[in-house]
Structures are given as C-alpha cells and as structure tokens.
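One structure is given below, encoded as structure tokens.
Atoms within each ligand, like the ligands themselves, are counted from 1 in listed order. Since we're looking at a predicted model, the values are computed, not measured. In this chain, numbering begins with 1 at the start of the sequence shown.
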Amino acid sequence: MEQLHEQLLPDLWHNLATSVILLDKNFIVHYANTSSSELFGLGIKRLIGQSLHATFSHHHIDITRINQYVLKDGVDCQQHRVDVVFIDNRAATLNLHARRVHLLNTTYILMEFRRIDDEVRFDQASNQMHQYHAARTLIRGLAHEIKNPLGGIRGAAQLLQYEGCQSERDQCAELIIEQTDRLTDLVDRLLGPNQLLHKAPCNIHQTLESVIKLSTLDNEHNIKLIKDYDPSIPDINIDQAKIQQVVLNIVRNALQALTQGGNITLTTRIKHRLRRGEKLIKKALLIKIMDNGPGIAPELKDTLFFPMTTNKDGGSGLGLSIAQTLIEQHNGMIDYDSWTGHTEFNIYLPF
Ligand SMILES: Nc1ncnc2c1ncn2[C@@H]1O[C@H](COP(=O)(O)OP(=O)(O)OP(=O)(O)O)[C@@H](O)[C@H]1O
Ligand SMILES: [Mg+2]
C-alpha cells in the first residue's frame, strides 16, 4: 500500500489537468507539475527555483491580496479572469486559486491555475449573439408597432383629400389624432419611465393588496391568489405607485400564462447580504411572485427583460422591461427562475 502511494502520488500530480505550483513566501517556485510546465512554457527543472514574477513578461495577478489573505490570514484567495503574458510572449487568461499550506515545518503557497481563454471567447461570442438577437427582435417589434398606425394615418389622409362631407372629414382627422397618439405613447413607453421617484414610507402589504384587487378585474380563469406575507416587515421607503406597477405587470403576466388555471403566490420576506455581480445589498425586502403555469418559453429567456421580447398576440413586450427600469431606479434587483410548472420573479428592494 505504502509503495503504491509513493508511486501513485507523483503520477497523479503530473497527470492533473490543472496547473499546480508550490511557492515559498518569496514567491519562488519549489515544485511544479507537468501541466504547469506546459502552461508556463518552461521545463519543470527550469521552473523550479524561478521567481513567479520572472515566469511572466507581464501579469495582473494581485500579489498584495495573496500576501495579505493567503500568507497572513490563511484564507484561500481566488482571482478570476487574470490576464498574463508569459516570457515567450504567449498571452493567456487564467483563473487562479491560492491556499496556504504547511509542509515539513515550512509555509508555502499552493497555487492552482486554470486556463479559461476558450471560455472567455465563447462567452464573448455568445454575448454578441444574444445582443444581435435582442436587437433584431426589438427592431422587428418596433417596425410592426410603427407600421400599423402609419398605415391608418396614410389611409385617413388620403380619404381627407377627396372627402367633401364634413362629418367624414372629422372622422378622418380623429383617426389621425388617435393613431399619432398611439405612436407617441409607444415612444414614451420605449423610452421607459422617466419621472422622478416620489418615495415615502409605505406598507408593502397594502401595495400588494391593491395589486390583488386590480388583478381580479382581468382574472378570467379564476386564478387563486395566495398570500404568504411576513407581517413583521416594517414600512419601507419606496415610490408606492411605481412598485405597484411593477408587481401588477408581473402578476398580469402570470394571469395571462395560467390559461389552464392554477395559482399565484405572493410572498414577502426580509433578506440579508445579497450579492449580484458587483452589487451588494445588506438588507432587502423580497417580494416573490410565483405561479404554477407552463413556465417561460426557452427562446425568450436570454432577453426576457429587453423591450419587445414577447410571444403574445398584441403583446408589446414592455411589461418586464419597465419593471426592471423601475426596480433599478429604486437601487434594487429583479431576477427570475422558471421551469415547466413553475415561474418565480424576485424583486429585492434595499431598506
Ligand atoms: N409568469 C410567466 N409565465 C410564462 N411566461 C411568462 C411569464 N411572465 C412573462 N412571461 C413571458 O415573458 C414575455 C415578456 O413579458 P412582458 O411583460 O415583458 O411582455 P408581454 O406580457 O408580452 O407584453 P406587455 O406586458 O407589454 O403587454 C411574455 O410575452 C411571456 O411570454
Ligand atoms: Mg406583460
């Protein structure tokens, strides 16, 4: 067994796909596996004894953080998307993980590298693709929305040219005004809500009650609205009308999705320490709107919050886009999760 271990461990070490090096406190390489030799473009023998800095002609590794967190505090440190250029001028993007280890009474840094160039390129390509699709959907939707009233306006103007009867002329003029108003309204909605917020302390459950009342007006499938409130939630400083609009937009979507019946649950909770990318909210009110309908169509998922993303006849695809703008104006966050039989939208508003 012992012998097996002795032979097995170096073999495993050198067969790892991850590049691993062992550094001392001065960032001198003491040990390296085959993967790291390939990554750095240096034979293992040349790598050992080198300073880590000397293996790059340029790098963005945050050495201060490694000194502080790893060596001093003993806390693991991860660095993502670190750009480096090796001494043979090859560029790479790496993820790095550093950990303090004690071996034979000496402190070392065990550093793992994973090359992510392909992932980065794939992400960029896929982002571009999504943006392209979103832009195309937007333009198609816009063209459709603009062409309809334009057709009406043109027809009315033509009639106006030859129409002698005053009442018919009045009708044409009315139609033109109606259709231009429709266009103005479209442009206004596209530009998004631009009024300033009127914030005041507000009881969120009263807001939700108003939404429930309003949504009973177009509840044609008798959908049950279930309340799951946390009664201990204090008043929160928000623009009540705007938050009501957001929740109403989302509840309406759920009502429209539940064509076979079902239920919608409105939940409120307090959440602590939420992080989304760069954004951190220490304490937030969560409003969760959940339905047990068919789920969001897969082809809409990537651009769900974009304007004109819709699969409804006569839908303008602006409901969620407006909701997102309003929540961002409140410095909050909105996200969703959906699969067959379940859709939930989560709104987080900072206290
Ligand atoms: N709860 C849900 N279940 C299933 N699909 C949903 C749900 N909520 C939203 N969607 C999908 O997301 C799309 C975008 O919603 P959004 O509210 O932005 O636009 P819309 O409802 O299509 O049009 P508008 O709200 O402007 O009248 C909808 O067309 C629908 O396909
Ligand atoms: Mg909608």
Side-chain angles (χ1 to χ4, degrees), residues 130-131 133-149 181-194 208 210-212 214-228 241-267 286-329 332-348:
H130 285 150
Q131 278 170 12
H133 279 298
R136 251 182 43 155
T137 315
L138 180 63
I139 289 166
R140 273 216 211 115
L142 256 182
H144 179 78
E145 294 280 324
I146 293 171
K147 266 188 127 171
N148 272 339
D181 283 352
R182 194 172 143 191
L183 282 173
T184 312
D185 177 57
L186 170 73
V187 173
D188 284 346
R189 280 188 299 149
L190 268 177
L191 287 175
N194 58 357
L208 297 184
S210 310
V211 171
I212 291 176
L214 285 168
S215 54
T216 48
L217 299 174
D218 50 11
N219 187 354
E220 48 179 316
H221 298 286
N222 282 324
I223 307 304
K224 206 166 134 199
L225 281 130
I226 302 165
K227 298 178 229 176
D228 174 16
K242 301 280 173 9
I243 297 303
Q244 179 173 314
Q245 190 190 345
V246 170
V247 181
L248 189 61
N249 284 0
I250 296 173
V251 169
R252 277 223 172 104
N253 280 344
L255 285 171
Q256 288 162 357
L258 289 165
T259 49
Q260 309 293 322
N263 47 54
I264 300 172
T265 311
L266 294 174
T267 306
L286 162 68
I287 309 168
K288 187 193 282 285
I289 299 121
M290 199 163 69
D291 71 70
N292 59 353
I296 288 165
E299 66 274 14
L300 302 183
K301 282 186 169 173
D302 289 330
T303 55
L304 197 66
F305 290 99
F306 279 58
M308 302 277 164
T309 293
T310 183
N311 59 4
K312 293 176 194 165
D313 281 342
S316 62
L318 286 172
L320 291 177
S321 149
I322 291 170
Q324 191 182 42
T325 309
L326 290 173
I327 295 303
E328 258 161 28
Q329 284 180 351
M333 303 190 286
I334 179 166
D335 62 23
Y336 77 93
D337 207 357
S338 179
W339 55 88
T340 309
H342 181 102
T343 300
E344 63 175 61
F345 282 84
N346 298 301
I347 301 165
Y348 302 93

With side chains defined as the heavy atoms from C-beta onward, is the minimum distance between [X] and [Y] less than 4.5 Å?
X: Thr137; Y: Thr303; result: no
X: Ile322; Y: Leu326; result: yes
X: Thr343; Y: Asn253; result: no
X: Phe345; Y: Leu320; result: yes

Sort by chain and number the protein N/O/S atoms that are closer than 2.8 Å to the Mg ion (ligand 2), and list them.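 Result, waters dropped: Asn253 OD1.
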
Once ring-ring contact (aromatic ring centres under 6.0 Å, His included) is applied, do any residues pair with His130, and if so which ones, sequence neighbours excluded?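 Testing His130 for ring-ring contact (aromatic ring centres under 6.0 Å, His included), a comparison that skips the adjacent residues, returns none.
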
Check whether the side chains of Lys242 and Gln329 place a donor and an acceptor atom closer than 3.5 Å, and report yes or no.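 Distance-only check fails for Lys242 and Gln329.
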
How about His342: does its NE2 atom have over 12 heavy atoms from other parts shown lying under 6.0 Å from it?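 Yes, enclosed.
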
For the pair Thr309 (side chain) and Phe305 (backbone), establish whether a donor and an acceptor sit closer than 3.5 Å, ignoring hydrogens and angles.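 Not confirmed, Thr309 side chain does not pair with Phe305 backbone.
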
I need the full list of salt bridge (Lys or Arg N to Asp or Glu O under 4.0 Å) pairs touching residues 243-263, with sequence neighbours left out, sorted by first then second residue.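 The answer is Asp218-Arg252.
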
Can you list, by chain and residue number, every protein residue with a non-hydrogen atom closer than 4.0 Å to ligand 1?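 Close residues (ligand 1, cut-off 4.0 Å): Asn253, Ala254, Ala257, Asp291, Gly295, Ile296, Leu300, Leu304, Thr309, Thr310, Asn311, Lys312, Gly315, Ser316, Gly317, Leu318, Gly319, Leu320, Thr343, Phe345.
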
